[in-house]
Amino acid sequence: MKILVINGPNLNMLGIREPGIYGSETYATLLDKISAHAKKRGVSVDFFQSNHEGALVDRIQEAFGSTDGIVINPGAYTHTSIALLDALKAVAIPAVEVHISDVSKREAFRSVSYIRDACIGSVIGHGTDGYLEAVDMLIERGGEK
Ligand code: DQA
């Protein structure tokens, strides 16, 4: 099973940005943690991060035909991007939405998620462990390979 982990804008700043909200773990450490979990679960994992909406759409489209599941934290584009919703619907790859912080308990605009409709599940407010839970959700749905 091949899983693609996509992170949107400012998630490359993990460890630096608002540590009281997002924690002190860096983006590089997050990738190591997901890689170790994927190895333990016997699945392969690819990573993509961009601060640009179109680049995220391009990467989702590229995944068509070569990826079994997508873990996606679109950052602020969660709350604005119909293009990401449409891209996820277009490729129809099982996707799980992740948010490090509990977006339901922050500003009202963060409670809106355009992509949620295209996802089989969401993991919200579990810190970076949420990415591992999302990987597990995809494995449970798709079977370990
Ligand atoms: C986030 C929450 C978003 O509202 C915010 O814009 C982010 C990160 C999270 O992981 O908690 O960039 O997606």
Side-chain angles (χ1 to χ4, degrees), residues 1-41 43-64 66-142:
M1 184 176 198
K2 205 169 163 194
I3 293 174
L4 172 64
V5 178
I6 298 178
N7 277 290
N10 300 307
L11 288 154
N12 55 316
M13 297 288 283
L14 279 180
I16 299 164
R17 76 181 289 211
E18 301 179 273
I21 296 175
Y22 299 111
S24 53
E25 196 173 274
T26 64
Y27 179 68
T29 305
L30 170 65
L31 301 198
D32 286 347
K33 179 168 151 174
I34 300 169
S35 294
H37 185 73
K39 194 173 173 195
K40 199 167 76 190
R41 295 299 318 260
V43 296
S44 82
V45 73
D46 272 345
F47 298 105
F48 183 73
Q49 190 278 329
S50 178
N51 296 322
H52 305 276
E53 186 176 13
L56 296 166
V57 170
D58 286 345
R59 188 64 189 88
I60 291 168
Q61 290 184 5
E62 272 167 35
F64 181 69
S66 65
T67 299
D68 305 302
I70 293 175
V71 172
I72 182 163
N73 182 349
Y77 291 137
T78 308
H79 320 300
T80 62
S81 180
I82 298 165
L84 286 178
L85 168 68
D86 286 349
L88 289 170
K89 283 189 168 175
V91 297
I93 297 167
V96 177
E97 172 190 16
V98 172
H99 298 289
I100 296 167
S101 66
D102 187 349
V103 282
S104 70
K105 298 205 172 106
R106 297 179 63 194
E107 301 96 323
F109 61 80
R110 293 189 204 272
S111 293
V112 176
S113 169
Y114 281 92
I115 66 150
R116 200 156 298 162
D117 262 9
C119 293
I120 61 160
S122 305
V123 187
I124 295 169
H126 295 185
T128 56
D129 285 352
Y131 289 86
L132 312 186
E133 290 173 42
V135 166
D136 289 343
M137 281 167 83
L138 290 169
I139 292 170
E140 270 149 42
R141 192 188 180 282

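Side-chain atoms are counted along with the backbone in the values below, which use heavy atoms only and exclude waters and symmetry mates. Counting starts at 1 for both ligands and their atoms, following the listed order. This chain uses plain numbering: 1 for the first residue, then up along the sequence.
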If we count only N and O atoms by modelled type, under 3.5 Å, do the side chains of [X] and [Y] hold a donor and an acceptor together?
| X | Y | value |
| --- | --- | --- |
| Asn51 | Gln49 | yes |
| Thr78 | Glu97 | no |
| Ser101 | Arg106 | yes |

TODO: Under the side chain to side chain donor-acceptor pair (under 3.5 Å) rule, collect the residues that match up with Tyr131, sequence neighbours excluded.
DONE: Asn7, Asn73
N/O to N/O under 3.5 Å, ligand 1 against protein:
from	atom 1	to	atom 2	distance (Å)
ligand 1	4 (O)	His79	NE2	2.7
ligand 1	4 (O)	Arg110	NH1	2.8
ligand 1	6 (O)	Ala76	N	3.2
ligand 1	6 (O)	Arg110	NH1	3.2
ligand 1	10 (O)	Asn73	ND2	2.8
ligand 1	10 (O)	Ile100	N	2.8
ligand 1	11 (O)	Ile100	N	3.2
ligand 1	11 (O)	Ser101	N	2.9
ligand 1	11 (O)	Ser101	OG	2.6
ligand 1	12 (O)	Arg17	NH1	3.1
ligand 1	12 (O)	Arg17	NH2	3.2
ligand 1	13 (O)	Asn73	OD1	2.8
ligand 1	13 (O)	His99	ND1	2.8

- [ ] May I ask you to decide if the ring planes of Phe109 and His79 are parallel, tilted or perpendicular, using 30° and 60° as cut-offs?
- [x] perpendicular
Task: Criterion side chain to side chain contact (heavy atoms under 4.5 Å, CB included) against Val5, the qualifying member of Val98, Asp46, Val45, Leu30 - done: Val45
